[in-house]
There are 2 protein chains.
Amino acid sequence: MEEDIRIYIIEDDEVIMESLQFLIKEELGFRLTGGSVNAEDAILALKYVHSDVLLLDVSLPGMNGIEAIPLIKELQPDLNILMLTVHEDSDTVFSALRNGAIGYLLKGTPPNNLFKGIRDVLQGGAPISPSIARSIVETFRVENIPVLSQREMEVLIKLSDGNNNSQIAKELFVSANTIKAHIKSIYKKLHVHTRAAAIRKAMRKGLIK
Amino acid sequence: MEEDIRIYIIEDDEVIMESLQFLIKEELGFRLTGGSVNAEDAILALKYVHSDVLLLDVSLPGMNGIEAIPLIKELQPDLNILMLTVHEDSDTVFSALRNGAIGYLLKGTPPNNLFKGIRDVLQGGAPISPSIARSIVETFRVENIPVLSQREMEVLIKLSDGNNNSQIAKELFVSANTIKAHIKSIYKKLHVHTRAAAIRKAMRKGLIK
DNA sequence: GTTGTTATTACCTGAATGGGTAATTTTTCT
DNA sequence: AGAAAAATTACCCATTCAGGTAATAACAAC
């Protein structure tokens, strides 16, 4: 009773795009959620379409795939990004990984390897050098420590003390509406939607003790 | 514009009790919130009376002062407990400190020292060996790790993931009311009143990661 | 065999939260 | 000087939370 793996594709080459779409549509356990021919369009679409895996071409017209990664991660932090590349150029791959991609697939790879790579990701692996690559990735990735403004930090700390919005407002001599605004902003930066989750994430990231 | 320091006394010796009550009533900046002649009565009263400092006689009829400490701490975790003792018996003092008392006052102490001792506490000190005692206390105190039941832990973890009550209810196959009950119980054990504070405390205590 | 803890559910109420949108002011960076 | 980011406030709305009270059942401890 597994759910389909939802896949989104960003690829400008028509032939490759159609071939990938065809393969995914036909393969059991996979579902296509959409596709774009450039990063800019994709970023607009990805605000609304949620997927498990993104196949992202490295070379795109306009913004290239690697530049797009952090922007996409902003939208969907938990989306697993796999780069699509023609040859295994280590510089390219490394900067992709450093930016937040989880692995890469070679464009010439046979369908079965492609599917295996995608399934690997969902099981916590990283395609191509399955396990080792993953640990390298973790090491190299620049720990995306969210930057909260000074004011947001003050709010966060009081939040963690168990204060509610109006209590914080009083202590900081501003209106409760302001505190709400700050908290919304904190949620956005930490990618959470509740106070409880915000505190946990903030503690894990070392923002508060 | 300082607020009065609110003091509660538990002392079975009538003479000493009256003498302390008199002193506190007369002294500027101090206010008596109540008194009991034994721990059992006090525990009932302390459910309703909030104070800053509790003067607690070591030797009491029935439950002694030291045994009473953890029970009182359950009711008012932030209450500063000062033991009243006749002689500086280190065993007694140490077990009091280990149980959660913050310091001790000798019964023969002149009024001014008494007041100073109490003021010390409110300023983060610990009477008798003002600063050093404090750090010793912290070291010796058995870290009262709250014991959450298995079910409460499950709820806590899901809470920290940012789930709300009804989401947790679904995942655990019980009603949202049940989750509410568990969360209330968690709050009681952790001495908090909000989710945010619960998460922080739980993380600090190592209950969750 | 009674007492205590845990788990479960329910109902009520007022307060608080999270999300959306929008606008102004101040700071900061370029 | 002009653009971008941070801080401020406001209003609306539906949902959620926190606290209080209460009751039942299962199970362990004493």
Side-chain angles (χ1 to χ4, degrees), chain A residues 47-48 50 70-71 74-77 145-202 207, chain B residues 40 43 47-48 50 63 70-71 74-77 144-202 207:
Chain A
K47 284 184 185 173
Y48 309 104
H50 287 260
L71 302 177
E74 264 306 297
L75 298 176
Q76 292 189 43
I145 292 174
V147 182
L148 299 192
S149 73
Q150 221 178 316
R151 204 52 162 173
E152 286 161 353
M153 281 303 301
E154 296 181 71
V155 172
L156 180 66
I157 288 164
K158 296 201 180 292
L159 203 59
S160 76
D161 284 332
N163 293 297
N164 65 29
N165 294 356
S166 52
Q167 286 170 326
I168 299 173
K170 261 177 211 156
E171 294 186 34
L172 297 184
F173 307 105
V174 296
S175 89
N177 287 313
T178 305
I179 302 303
K180 270 189 85 162
H182 289 313
I183 291 178
K184 281 180 204 178
S185 166
I186 292 171
Y187 285 173
K188 195 165 284 175
K189 290 183 181 178
L190 299 187
H191 304 300
V192 297
H193 310 277
T194 72
R195 295 155 113 78
I199 297 305
R200 194 184 59 172
K201 204 145 198 178
L207 292 172
Chain B
E40 291 81 0
I43 287 167
K47 285 185 184 170
Y48 308 105
H50 287 261
M63 186 191 306
L71 304 177
E74 267 299 309
L75 299 176
Q76 292 189 44
N144 170 12
I145 293 174
V147 183
L148 299 192
S149 73
Q150 221 178 317
R151 204 55 161 172
E152 285 161 354
M153 282 303 301
E154 296 181 73
V155 172
L156 181 65
I157 288 164
K158 296 202 180 294
L159 203 59
S160 77
D161 285 331
N163 294 298
N164 66 30
N165 294 354
S166 51
Q167 287 169 326
I168 299 173
K170 259 177 214 158
E171 295 186 35
L172 297 184
F173 307 106
V174 296
S175 88
N177 287 312
T178 305
I179 303 302
K180 271 191 83 166
H182 288 314
I183 291 178
K184 281 181 206 178
S185 165
I186 292 170
Y187 285 173
K188 194 164 284 174
K189 291 183 181 177
L190 299 186
H191 304 300
V192 297
H193 311 278
T194 72
R195 297 165 170 247
I199 298 306
R200 192 185 60 172
K201 204 145 199 177
L207 291 173

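Protein chains get the first letters and strands the later ones, always in sequence-line order, with residue 1 at the start of each. As the structure is a computational prediction, the values presented were derived from the model and not from experiment.
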Atom [atom1] of [X] and atom [atom2] of [Y]: how far apart are they, to the nearest 0.5 Å?
X         : Y         : atom1 : atom2 : answer
Leu148(A) : Leu190(A) : CG    : CG    : 5.5 Å
Thr178(A) : Ile183(A) : OG1   : CD1   : 11.0 Å
His182(A) : Glu154(A) : NE2   : CD    : 8.5 Å

The side chain of [X] is closest to which nucleotide in this list: [options]?
X         : options                   : answer
Lys184(A) : dT21(C), dG20(D), dT8(D)  : dT21(C)
His182(B) : dT8(C), dA10(D), dA6(D)   : dT8(C)
Asn165(A) : dT17(C), dG18(C), dG19(D) : dT17(C)
Ser149(A) : dG19(C), dA7(C), dA7(D)   : dA7(D)
Gln150(B) : dA7(D), dA7(C), dT9(C)    : dA7(C)
Val174(A) : dT8(D), dA18(D), dT9(C)   : dT8(D)

What's the [atom1]-[atom2] distance between [X] and [N], to the nearest Å?
X         : N       : atom1 : atom2 : result
Lys188(B) : dG4(C)  : NZ    : C1'   : 14 Å
Leu190(A) : dG18(C) : CG    : C1'   : 15 Å
Glu154(A) : dT8(D)  : CD    : C1'   : 14 Å
Tyr187(B) : dG20(D) : OH    : P     : 13 Å

For [X], which contact category applies under a 4.0 Å heavy-atom criterion: base, sugar-phosphate, or nothing?
X         : value
Thr194(B) : sugar-phosphate
Thr178(A) : base
Asn164(A) : sugar-phosphate
Ala176(B) : nothing
Ser175(A) : sugar-phosphate

Taking N and O atoms by type only, does the side chain of Lys180(B) place a donor or acceptor under 3.5 Å from a partner on the base of dG20(D)?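 Checked by distance alone, the answer is no.
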
Report the residue (Ile179(B) or Arg195(A)) whose heavy-atom-nearest nucleotide on DNA chain C is the more 5′ of the two.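 Its nearest nucleotide lies further toward 5', so the answer is Ile179(B).
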
When you match Ile183(A) and Glu152(B) each to their closest nucleotide on DNA chain C, which lands nearer the 5' end?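 The 5'-side residue here is Glu152(B).
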
Any donor-acceptor pair under 3.5 Å linking the side chain of Glu171(A) with the backbone of Ile168(A)?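 No; zero donor-acceptor contacts below 3.5 Å.
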
Is it true that Asn165(A) and Arg195(A) share a donor-acceptor pair across their side chains at a distance under 3.5 Å?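 The answer is yes; a qualifying pair exists.
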
